[in-house]
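Comments concern the structure below.
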Amino acid sequence: GLFSDLVTRAGKLFSRNARNSSRKLLKSHRLAFRFGRILDRYVLETFAKLFAYILSSLLAISLIVHLFEKIDNLLEHNASLIDSLIALGLKIPYFSIVAIPFSTLVATILTIGAFTKSSELVAMKSSGISYLRINAPIIVTGILISGVTFVLNESIIPYCNQQVEEAWDRIKNRERSRFVRFHRWYRGKDGDIYYFQHNDAEKRVITGFSQFTLDDDMNIRSRLESQKMYWDSKNWVCSNGRFIELDENNTVIRDEPFDSRINPIPEKPEDFSKEHKDSEEMNIRELREYIGVLKSIGFDTTEYEVDWHAKFSIPFLALIMVLIGIGFATQNPRSAGGLVGVGTSIFIGASYFVIFRIILEIGQAGKLPPLVSAWFCNAVFFLVSLYILNKVSQNAS
């Protein structure tokens, strides 16, 4: 009847209006999303240009300073062109570990400062886009840069540092060995652990030598100590030492001092010199294994554990610096651009690295747990940045 006809017409009208409204809503969302993508690209492009310019400038300055420091050694030893390029050029990845976080800080502050001076930041906010959403591309880029830094620190940098050391050995006519090493641990071909305080590879004399024989459970079964061990062209000869043997309960069952005795180990003099690596020449896995060996024979590994944790914390500096830069630029938007922004970036970055280095030294001295010393600065600056950003969000709302 009439009522049902009215209901049918009202339903058609409602469905038509609903479809029109949904189309308008979808279209507006598409436009907003499209505008967001354009804005993201614009912010990212501005940040990327500044980051690339600052990073390349810092690396160039670092390389020039390093060249002036080493030019005398290169000329004095008549270094070849190839060795000179390796010794200088392969330091660039190492310099990048410091330059990358600082570049992200400066680029972040200058990017926001540029948007503020041109009133683009005000236009973005007036369009209903939050401050955090505007900086989202920079934050995501900071995360990606941290990931790239981790890969560099784990794979490329240890290899480059090792090549640089070998190049300097060739330049200084030390092809056969590293000449002199101090306080060195070495795992023997038979599984024994060696330690020496000083190794003069040219004279083939090791002082402060200790040798540990371990069982399958990494328990010490015997220990040989010698004030001096030297190579007599066929064998290693230990002098002024003692030999200690332990049972399964770590009870001494044999303790024999000696004036001189042959030590029949399979290593030759060059074996104790050619494979040495410092912490910066090892990746995370190699350093972890090295720490495990030292722990198994009861020696302090605090310094190496701090270095191991630092290999995880250092790559996150890029992200932390981005958050610090966003927080600072928020507090002082008119001062974020130009020389003021650069000067402030230098102050913040230098302060961060000084504190970070001091805390690491305290941790290596055993005054702080290794995990705490490696992550303390990151945690403090990260929490401060989150506090500032949260404060900004609350004020905006």
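Rounding to the nearest 0.5 Å gives a distance of 6.0 Å between CD1 of Ile86 and CG of Leu90. Distance check: Lys91 NZ to Leu63 CG gives 11.0 Å after rounding to the nearest 0.5 Å. Taking OG from Ser351 and CZ from Phe381, the interatomic distance works out to 7.0 Å, rounded to the nearest 0.5 Å. Remark: Ser84 OG to Asn78 CG distance equals 10.0 Å, nearest 0.5 Å. The structure places CE of Met124 at 9.0 Å from CG of Asn135, a figure rounded to the nearest 0.5 Å. Considering CG of Asp307 and CD1 of Ile284, their distance stands at 12.0 Å, rounded to 0.5 Å.
Nearest heavy atoms, Ser155 versus Val151: OG-O, 2.6 Å. Residues Asn235 and Ile262 approach most closely at CB-CG2, 3.8 Å, considering heavy atoms. Listed here is the closest heavy atom pair of Trp231 and Lys234: CH2-O, 3.2 Å. The shortest heavy-atom contact between Trp236 and Lys268 is CZ2-C, 4.0 Å. Residues Gly142 and Ala318 come closest through the heavy atom pair O-CB, 4.2 Å. Nearest approach of His66 to Leu88, heavy atoms of both residues: CD2-CD2, 3.5 Å.
Note on Ile71 and Ile82: same hydrophobic cluster, where clusters join Ile, Leu, Val, Met, Phe, Trp and Tyr whose side-chain heavy atoms are under 4.5 Å apart, directly or indirectly. Cluster membership check: Val65 does not share its hydrophobic cluster with Leu85, using side-chain heavy-atom separations under 4.5 Å among Ile, Leu, Val, Met, Phe, Trp and Tyr. One hydrophobic cluster, built from ILVMFWY side chains closer than 4.5 Å, cannot hold both Leu319 and Val140; they sit in different ones. The same ILVMFWY cluster, assembled from side-chain heavy atoms under 4.5 Å apart, contains both Trp168 and Leu67. Leu44 and Phe51 are not part of a single hydrophobic cluster, where members link through side-chain heavy atoms under 4.5 Å apart.
Within 6.0 Å of the CG atom in Leu383, the count of heavy atoms belonging to other residues, nucleotides or ligands exceeds 12. Open room surrounds OH on Tyr230; 12 or fewer heavy atoms of other groups in view lie less than 6.0 Å from it. Heavy-atom contacts from other residues, nucleotides or ligands closer than 6.0 Å to OH of Tyr194 number more than 12. For OH of Tyr94, the number of neighbouring non-hydrogen atoms (other residues, nucleotides, ligands) closer than 6.0 Å is 12 at most. Within 6.0 Å of CG in Asp259 there are 12 or fewer heavy atoms belonging to other residues, nucleotides or ligands.
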Trace of the side-chain contact (heavy atoms from CB on, under 4.5 Å) decision for Met321 with Thr108: CA-CA 8 Å; Met321 288 299 174; Thr108 301; over 6 Å; no
Just do the side-chain contact (heavy atoms from CB on, under 4.5 Å) check on Phe353 and Arg357 with the steps written out, would you? CA-CA 6 Å; Phe353 282 109; Arg357 190 67 254 177; over 6 Å; no
Which is it for Asn378 and Tyr352 under the side-chain contact (heavy atoms from CB on, under 4.5 Å) test, yes or no, and what are the steps along the way? CA-CA 9 Å; Asn378 282 13; Tyr352 184 95; 2.2 Å; yes
Run Ile61 and Ile64 through side-chain contact (heavy atoms from CB on, under 4.5 Å) and show every step you take. CA-CA 5 Å; Ile61 294 172; Ile64 293 172; 5.8 Å; no
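Side-chain contact check for Ile326 versus Ile112: some heavy-atom pair is nearer than 4.5 Å. When side chains are defined from C-beta on, Leu144 does not count as touching Val148, because their heavy atoms never get closer than 4.5 Å. Residues Asn263 and Val237 are not in side-chain contact: their nearest non-hydrogen atoms beyond the backbone lie 4.5 Å or more apart. Taking 4.5 Å as the limit, some side-chain heavy atom of Gln163 sits within range of a side-chain heavy atom of Tyr159. Contact check for Lys311 versus Asn153: side-chain heavy atoms found under the 4.5 Å cut-off. Within the 4.5 Å cutoff, the side chain of Phe258 has heavy atoms near those of the Cys238 side chain. Ile100 places a side-chain heavy atom less than 4.5 Å from the side chain of Leu55. Under the 4.5 Å side-chain criterion, counting only non-hydrogen atoms from C-beta, Arg221 is in contact with Asn250.
Of the residues listed (Ile359, Leu371, Leu360, Val372), the one engaging Val306 in a side-chain contact (heavy atoms from CB on, under 4.5 Å) is Leu360, and it is the only one. Of the candidates Asp215, Asp192, Thr213, Thr213 is the only one forming a side-chain hydrogen bond (donor to acceptor under 3.5 Å, both in side chains) with Ser222.
A donor-acceptor pair is defined here as one N or O able to donate and one able to accept, closer than 3.5 Å; no such pair exists between the side chain of Lys172 and the backbone of Asn73. Checking side-chain atoms of Ser226 against main-chain N and O of Ser239 turns up a donor-acceptor pair under 3.5 Å. Although no hydrogens or angles enter the test, the distance criterion places a donor-acceptor pair under 3.5 Å between the side chain of Ser80 and the main chain of Asp83. Remark: side-chain polar atoms of Ser146 are paired, donor with acceptor, to backbone N or O of Pro315 under 3.5 angstrom. Side-chain N or O atoms of Glu286 include one that pairs as donor or acceptor with a backbone N or O of Asn283 at under 3.5 Å. Remark: the backbone N or O of Asn249 is paired with a side-chain donor or acceptor of Asp247 at under 3.5 angstrom. The main-chain N or O of Ala374 is found under 3.5 Å from a side-chain atom of Ser313 such that the two form a donor-acceptor pair.
Taking the six-membered ring for Trp, Trp375 and Phe312 have ring centres at least 6.0 Å apart. Aromatic rings from Phe115 and Tyr42 are positioned such that their centres are separated by under 6.0 Å.
Under the 3.5 Å distance criterion, with hydrogens and angles disregarded, no donor-acceptor pair is assigned to the side chains of Asn219 and Glu248.
The pair Asp255-Arg223 does not count as a salt bridge, with every side-chain nitrogen at least 4.0 angstrom from each carboxylate oxygen.
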